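Accompanying notes for the structure given below.
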Amino acid sequence: MKIEQKIGQLVANSIEVLYSQQVDQKQIQIQKTKKEFEGDVTIVIFPFVKIARKSPEATGQEIGEYLVQNTPLIVAFNVIKGFLNVSIQKSYWIEELNLMQVNPHYGMSPVTEDAPTMMIEYSSPNTNKPLHLGHIRNNLLGYSIANIQKANGWKVVKTNIVNDRGIHICKSMLAWQKFGKGETPESSGMKGDHLVGKYYVIFDKAYKAEVAELMDKGANEEDAKKMAPLMIEAQKMLLAWENNDAEVRKLWQTMNSWVYDGFDITYRQLGVDFDKIYYESNTYLTGKSEVERGLKENVFYQRPDGSVWADLTADGLDEKLLLRADGTSVYMTQDIGTAKLRYNDFDIKKMVYVVGNEQNYHFQVLSILLDKLGYAWGKNLVHFSYGMVELPEGKMKSREGTVVDADDLMAEMIATARETSQELGKLDNCNEQEIDQIAGMVGLGALKYFILKVDPRKNMTFNPKESIDFNGNTGPFIQYTHARIKSVLRKAAEQEIDVHAPVSTEIIISEKESTLIQMLAEFPQTIRQAGEEFSPALIANYLYDLVKEYNQFYHDFSILREENSALKHFRLVLSEEIAKVIKTGMGLLGIDVPERM
RNA sequence: GCCUCCGUAGUUCAAUGGAUAGAACAAAAGUUUCCUAAACUUUAGAUCCGGGUUCGAUUCCCGGCGAAGGUACCA
């Protein structure tokens with residue numbers, strides 16, 4: 001049982017004895033004592049003053065006295081304003097530490113045979129351009145939240161829906177056909193996704209020029225955008241694609257395969273993966289037939305031009321297009337089909353979409369549409385809506401070339417990590433392969449932590465001109481602490497000290513040390529909360545606090561040089577458990593930790 | 001216009017309705033004959049404005065101001 005629960009019960013008992021009144025568990029607020037006060041756990045007294053009919057100070061005093069006299073667990077107390085701070089017996093913390101030591105999966109719940117399945121969709125790229133920083137946030141969040149849910153006992157299926165068809169792809173294809181002169185990844189030396197992205201930009205430029213020209217000739221903007229020959233051609237190509245035109249399909253396949261080769265490299269570098277990949281080209285027909293069924297059953301309606309719509313005004317929303325007038329499908333059509341196929345393929349208890357908050361409306365609508373189509377699970381979709389990554393000047397725009405490219409950014413981070421290591425002379429005894437490995441861990445660790453430490457729901461800012469830090473509240477700071485502990489443990493092993501024996505509860509430990517154990521004891525509930533709130537940031541911030549505290553301890557106390565061998569043993573065990581929690585916690589974030597750095 | 005989200009040190013981020021609003025970076029000063037100084041210590045610095053609810057509000061409610069996103073044939 002957690003210490004907060006134990007104390008909560010003790011407080012409830014004491015109030016019953018002192019004031020002969022039952023008190024609701026919800027009224028008992030227990031929190032960790034703030035650093036500047038003495039004690040381990042704090043009880044908020046304000047809710048009890050009415051019951052006690054005394055001042056908060058007097059009430060706190062009475063409860064404190066009762067607790068100290070009647071429970072060996074609580075050895076001291078102080079009251080400040082309406083807060084009762086109690087100190088827990090030190091041996092309790094040592095026992096807690098001994099329990100952690102024998103549990104190699106400390107903090108993680110096992111995934112049982114009959115555990116429910118959570119499907120998590122993330123990444124979901126379009127195949128017309130390479131991945132950028134926004135995708136990085138998506139991928140890191142998706143991958144991490146999958147780890148966290150597994151740690152909370154869910155069976156997790158990671159999935160990716162690749163948006164491999166649609167008007168955007170046709171734009172790249174058309175531009176390549178017109179201006180590409182047969183260029184390939186091999187002939188150009190470009191990564192496939194970057195090559196295709198290049199033609200997406202070329203299309204946009206040429207298209208804008210056409211629109212401008214039409215407007216010069218007197219057309220208004222709206223008409224010009226529709227009349228531009230390139231747009232008309234792209235739409236024709238999409239129609240040809242949906243009609244299975246052999247030539248269009250062949251080009252489509254070729255260019256998409258270039259993109260996939262590129263994405264594979266990016267995903268591998270980023271360290272993310274998927275259990276099942278869906279392609280829009282395989283799911284949109286199911287979506288179309290679902291929409292057609294809905295039309296027959298009068299759930300949807302058709303306009304005179306042939307387009308199909310859902311009227312959601314009764315739900316307080318707008319009307320939503322489901323099939324264009326020319327019969328081609330849109331984003332929503334595809335998502336309906338994909339959802340249906342997924343529920344056919346897996347026994348899904350919870351379906352989670354990791355998608356940016358710019359699509360809040362889309363998922364609200366999707367949920368309602370599925371429900372209207374008769375799928376009971378439609379209402380239970382979870383949209384894990386995360387905030388945008390913005391530049392100091394505002395939103396990234398791929399067409400304006402302001403995006404921060406994923407491959408470039410990762411490469412820069414790793415290069416910086418390597419330079420820093422060299423400057424500090426940390427890896428002088430390592431061979432090239434080890435240096436590569438550590439620079440990769442540290443560079444990516446810095447990037448991943450930078451992104452994951454922020455509350456996912458909030459927009460965040462990234463300034464490309466300021467490099468991501470390696471000092472302070474950063475991934476490398478946490479990695480460094482791990483490496484440092486491992487170094488101490490290696491030396492202990494050389495001295496043949498057995499760190500696996502339990503710690504004696506007889507030894508006297510300091511305030512700093514019991515605080516560290518208390519923080520370690522919070523790890524399981526932090527994982528639980530991170531899962532419930534879908535927030536890897538909670539784990540990131542927890543680890544930072546823990547490591548910050550440990551570094552102070554490391555600075556002020558001796559470990560291997562401690563003369564009292566029981567104390568030395570305790571400090572080694574404590575350090576090892578800190579390292580274990582760092583490794584597990586960082587693992588949940590998808591960040592590797594090195595043995596040395 | 002309508003809907004949603006956001007507004008905390010110079011900057012980037014924290015804070016289940018609780019104590020003196022925490023960190024980091026940047027700025028200033030210091031710590032290494034000692035287990036890794038990617039560390040540690042010290043100084044200075046913030047809740048957009050106005051009301052309300054509450055013993056207590058950065059947090060909840062209302063009204064301003066400011067920024068972002070969505071809003072029917074882009075995904």
Side-chain angles (χ1 to χ4, degrees), chain A residues 29 31 33-37 42 44-47 49-50 56 80-83 85 124-126 128 163 166-169 171 235 280 303 305 307-310 312 316-326 328-332 334-335 356-362 364-365 385 387-388 390 392 394-395 417 420-421 423-424 426 442 446 450 453-455 457-463 466 468-481 483-492 529 533 537 541 544-545 548 551-552 554-562 571-572 575 596-597:
Chain A
Q29 295 175 53
Q31 50 197 246
T33 302
K34 289 203 167 202
K35 259 189 173 172
E36 56 266 39
F37 303 103
T42 296
V44 183
I45 296 299
F46 295 107
V49 292
K50 274 186 191 157
I80 295 167
K81 294 184 183 173
F83 299 91
N85 304 316
S124 309
N126 294 346
N128 61 330
N163 301 114
I167 190 77
H168 51 290
I169 318 290
K171 290 177 184 175
Q235 281 162 348
E280 183 183 341
R303 288 190 183 171
D305 66 1
S307 56
V308 177
W309 296 75
L312 303 175
L317 303 173
D318 293 324
E319 298 179 19
K320 190 76 188 172
L321 175 81
L322 300 175
L323 287 175
R324 293 192 188 98
D326 66 4
T328 57
S329 67
V330 293
Y331 181 36
M332 187 62 77
Q334 167 278 117
D335 251 352
N357 62 12
E358 56 192 354
Q359 291 183 37
N360 287 353
Y361 182 70
H362 174 85
Q364 209 182 340
V365 171
S385 163
M388 301 287 96
E390 289 168 355
K395 206 185 172 187
T420 307
S421 296
E423 276 167 26
L424 296 172
K426 295 280 187 180
V442 174
F450 174 80
K453 77 170 177 186
V454 181
D455 181 345
R457 280 162 189 78
K458 291 192 176 171
N459 289 357
M460 62 182 290
T461 308
F462 173 78
N463 189 345
E466 295 170 13
I468 294 175
D469 268 308
F470 286 73
N471 298 325
N473 185 356
T474 66
F477 172 74
I478 296 169
Q479 290 171 318
Y480 171 72
T481 305
R484 225 182 189 187
I485 294 173
K486 286 294 176 175
S487 168
V488 172
L489 291 172
R490 277 192 296 273
K491 291 204 164 82
Q529 202 186 351
E533 296 181 20
N541 291 325
Y544 174 69
D545 290 339
K548 178 97 186 143
N551 276 328
Q552 290 166 359
Y554 185 92
H555 183 266
D556 295 340
F557 292 77
S558 295
I559 301 171
L560 290 170
R561 282 190 302 273
E562 170 59 46
R571 288 181 185 157
L572 283 166
S575 299
R596 68 185 82 229
M597 68 182 269

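None of the values given here were measured: they were computed from a predicted structure. Chain naming here is simple, since letters A, B, ... match the order of the sequence lines and numbering starts at 1 in each.
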[X]: what forms a side-chain hydrogen bond (donor to acceptor under 3.5 Å, both in side chains) with it, not counting sequence neighbours?
X: A/Gln235; result: none
X: A/Gln31; result: none
X: A/Thr33; result: A/Thr42
X: A/Gln364; result: none

Give the dot-bracket line for RNA chain B from 5' end to 3' end: parentheses for intra-strand Watson-Crick or G-U pairs under 3.5 Å, square brackets for crossings, | for inter-strand pairing, dots for unpaired. ((((.((..((((....[...)))).(((((.......)))))....(((((..]....))))))).))))....

Where do [X] and [Y] come nearest, in terms of heavy atoms and distance?
X: A/Arg596; Y: A/Ala483; value: CA-CB, 3.7 Å
X: A/Asn463; Y: A/Pro392; value: CG-CG, 3.6 Å
X: A/Val330; Y: A/Leu321; value: CG2-O, 3.7 Å

Whole Å only: how far is the [atom1] atom of [X] from the [atom2] atom of [N]?
X: A/Tyr361; N: B/rG69; atom1: OH; atom2: P; answer: 18 Å
X: A/Glu390; N: B/rC6; atom1: CD; atom2: P; answer: 14 Å
X: A/Lys171; N: B/rC74; atom1: NZ; atom2: C1'; answer: 6 Å
X: A/Leu322; N: B/rC73; atom1: CG; atom2: P; answer: 12 Å
X: A/Ile45; N: B/rC55; atom1: CD1; atom2: P; answer: 18 Å
X: A/Asp545; N: B/rG22; atom1: CG; atom2: P; answer: 13 Å
X: A/Lys320; N: B/rU71; atom1: NZ; atom2: C1'; answer: 9 Å
X: A/Gln359; N: B/rA68; atom1: CD; atom2: C1'; answer: 16 Å

Please state the [atom1] separation for the pair [N] and [M] - nearest whole angstrom.
N: B/rC49; M: B/rU71; atom1: C1'; answer: 30 Å
N: B/rG45; M: B/rA21; atom1: P; answer: 13 Å
N: B/rG51; M: B/rG56; atom1: P; answer: 16 Å
N: B/rC34; M: B/rA39; atom1: C1'; answer: 14 Å
N: B/rU8; M: B/rU59; atom1: C1'; answer: 12 Å
N: B/rC55; M: B/rA46; atom1: C1'; answer: 26 Å
N: B/rA44; M: B/rA23; atom1: P; answer: 13 Å
N: B/rG22; M: B/rA9; atom1: C1'; answer: 12 Å

I'd like to check the ring-ring contact (aromatic ring centres under 6.0 Å, His included) partners of [X]; sequence neighbours left out, ordered by chain and number.
X: A/Phe557; value: A/Phe553
X: A/His168; value: none
X: A/Tyr544; value: A/Phe477
X: A/Phe83; value: A/Phe46

5' precedence on RNA chain B between A/Asn163 and A/Trp309 (nearest-nucleotide basis):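 Comparing both residues, the 5'-ward one is A/Trp309.
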
A/Lys395 or A/Val330: which one's nearest nucleotide on RNA chain B is closer to the 5' end?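 Its nucleotide being nearer the 5' end, the pick is A/Lys395.
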
Touch class at under 4.0 angstrom, heavy-atom based, for A/Leu321 against every strand present: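 Base, at least one base heavy atom under 4.0 Å.
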
Under 4.0 Å, counting only non-hydrogen atoms across every strand here, what does A/Glu319 touch: a base, just sugar-phosphate, or nothing?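 If one applies the 4.0 Å heavy-atom cut-off, A/Glu319 turns out to touch a base.
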
How does each nucleotide of nucleotides 34-42 of chain B score, in 5' to 3' order, for protein heavy atoms under 4.0 Å: base (B), sugar-phosphate only (S), or none (-)? BBBSBSSS-

For nucleotides 8-20 of chain B, give me one character per nucleotide, 5' to 3': B if any protein heavy atom sits under 4.0 Å from the base, S if the only such contacts are to the sugar-phosphate, - if neither. ----SSS-B-BBS

Could I get the full list of salt bridge (Lys or Arg N to Asp or Glu O under 4.0 Å) partners for A/Arg303, not counting sequence neighbours?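 Salt bridge (Lys or Arg N to Asp or Glu O under 4.0 Å) check on A/Arg303 returns A/Glu319.
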
Using modelled atom types only, decide if a donor and an acceptor are shared between the side chain of A/Asn126 and the backbone of A/Asn128 within a distance under 3.5 Å.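 Answer holds: no.
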
Is there a side-chain polar atom (N or O) of A/Arg324 under 4.0 Å from OP1 or OP2 of B/rA75?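 So the side-chain polar atoms of A/Arg324 do come within 4.0 Å of the phosphate oxygens OP1 or OP2 of B/rA75, strictly under.
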
